[in-house]
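Ligands are counted one by one from 1 in listed order, and the atoms in each one are counted from 1 as well. Small disclaimer: the values here were computed from a predicted structure and weren't measured.
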Amino acid sequence: MERLVCVNCGAAYPADEILYNCIKCGHLLAVQYNLDEIAVTKKVWEKRPLSVWRYRELLPVRIEPVTLQEGGTPLYHLNRLGEEMGLLHLYAKHEGMNPSGSFKDRGMTVGVSMALQLNMRSVACASTGNTSASLAVYAAKAGIPAVVLLPAGKVAIGKVAQALIHGARVISIRGNFDRALEMVHDLCLSHGLYLLNSINPYRLEGQKTIGFEAVDQLGGVPDRFVLPVGNAGNISAVYKGLLELEGLGFIDALPMMTGIQALGSSPVVRAIRENLPEVIPEPHPETVATAIRIGAPVNAEKALVAIRKTGGYAESVTDEEILQMQRDLARKEGIGVEPASAASVAGVKKLVESGVIDRSERIVCVVTGHLLKDPDTVIRQCEPPTEIDADLPSLLSALRL
Ligand code: F0G
């Protein structure tokens, strides 16, 4: 049986307690399995479709899950961009291909299922956009109400549209994401809504399957896993999952966990660079990649361990580098991602140039969200369509033929 364990003091709690922090020391909790009890083989997994639920023995859900067939996302070989960077083994796992267009669906299929399993009847989150979209989708599927708090004016339009149409109660606060998270946390504690931000240890259980799938798709462990970092939940989740695979004897090495942040909101990068014991929050985070516009990442404690224990790295990229890579992925690889997602590949480019990444490495970049999440940022970068009269000479003239 699994239980909840504090990552700081090791205090353990039953798996069915509604807890987001350790009661004794206030630090983060993680789901701990007794790996000796997990009777599954790689062969059994391989027979199931590639999806979050292929790995159900390593997930906490014991009821029929609330699912929309999340996971099973493509792993693309970036041959053209790889060649430009001198990398033969550069891959992108396109999490934008999930039901709501981001990796959050992996967390929410598990998180909303756990809400039902734990007899919680309403759910809530704060979000830079994708978490709210995903929560709205899975709450709709489960038939329970959802409340989402967004930083006013700082959420990409596609994400707001999703939260609205799927029926969440959408509240915009005049404050940033970090404040929205504090508020929703208080709301959940005082009014009994189930909090589905990434401090919820069950949500991260779903997200760890990104790593499982990548290992299965590659036929082995990559040398390096590169993820955009905002609240630092995803990089922590992937690391935790791979540790469990190692514990089960399914893999025999861990990848160098590498986190990429936007320069204007990069407290994890700073903590790694300056070897700080914990992150110093950035009070005014700013970046075009609004998904990762986060100054006080709540999972930093876990992420620092993931990066340090695997000999990984953290790097920041400028908004220009992010947008350039968004265009490069779109035009040279046919992969449409939102700005935050392009950060991982932009980070690889930078780290190859600075010599941190060895050109022989096999690298998996997680590209986290779909291009259509943020059409405004796309339109701003592109020439508008050429409008012409509806006749052939005008067309030929526009095409200079
Ligand atoms: N990429 C995208 C597209 C995201 O939406 C997020 C986080 C991240 C990367 C970073 O992941 O927080 O686990 O380090 N989005 C959250 C949200 C904060 O509210 O949608 P992280």
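V148 approaches A163 most closely through the heavy-atom pair CG2-CB, 4.4 Å. Residues V137 and S100 come closest through the heavy atom pair CG2-CB, 4.0 Å.
Under 4.0 Å from any atom of ligand 1, one finds heavy atoms of residues F103, K104, S127, T128, G129, N130, T131, P228, V229, G230, N231, A232, G233, N234, A291, I292, I294, E338, A340, T368.
The ring pair (Phe, Tyr, Trp, His ring centres under 6.0 Å) contacts involving residues 235-265 comprise W45-F250, where partners must be two or more places apart or lie in separate chains.
A salt bridge is absent between K349 and E84; no separation between the charged side-chain nitrogens and carboxylate oxygens falls under 4.0 Å.
Residues satisfying the ring-ring contact (aromatic ring centres under 6.0 Å, His included) criterion with H77, sequence neighbours excluded, are Y91. For V31, the side-chain contact (heavy atoms from CB on, under 4.5 Å) partners are E2, L4, Y33, P201, Y202, E205, K240, not counting sequence neighbours.
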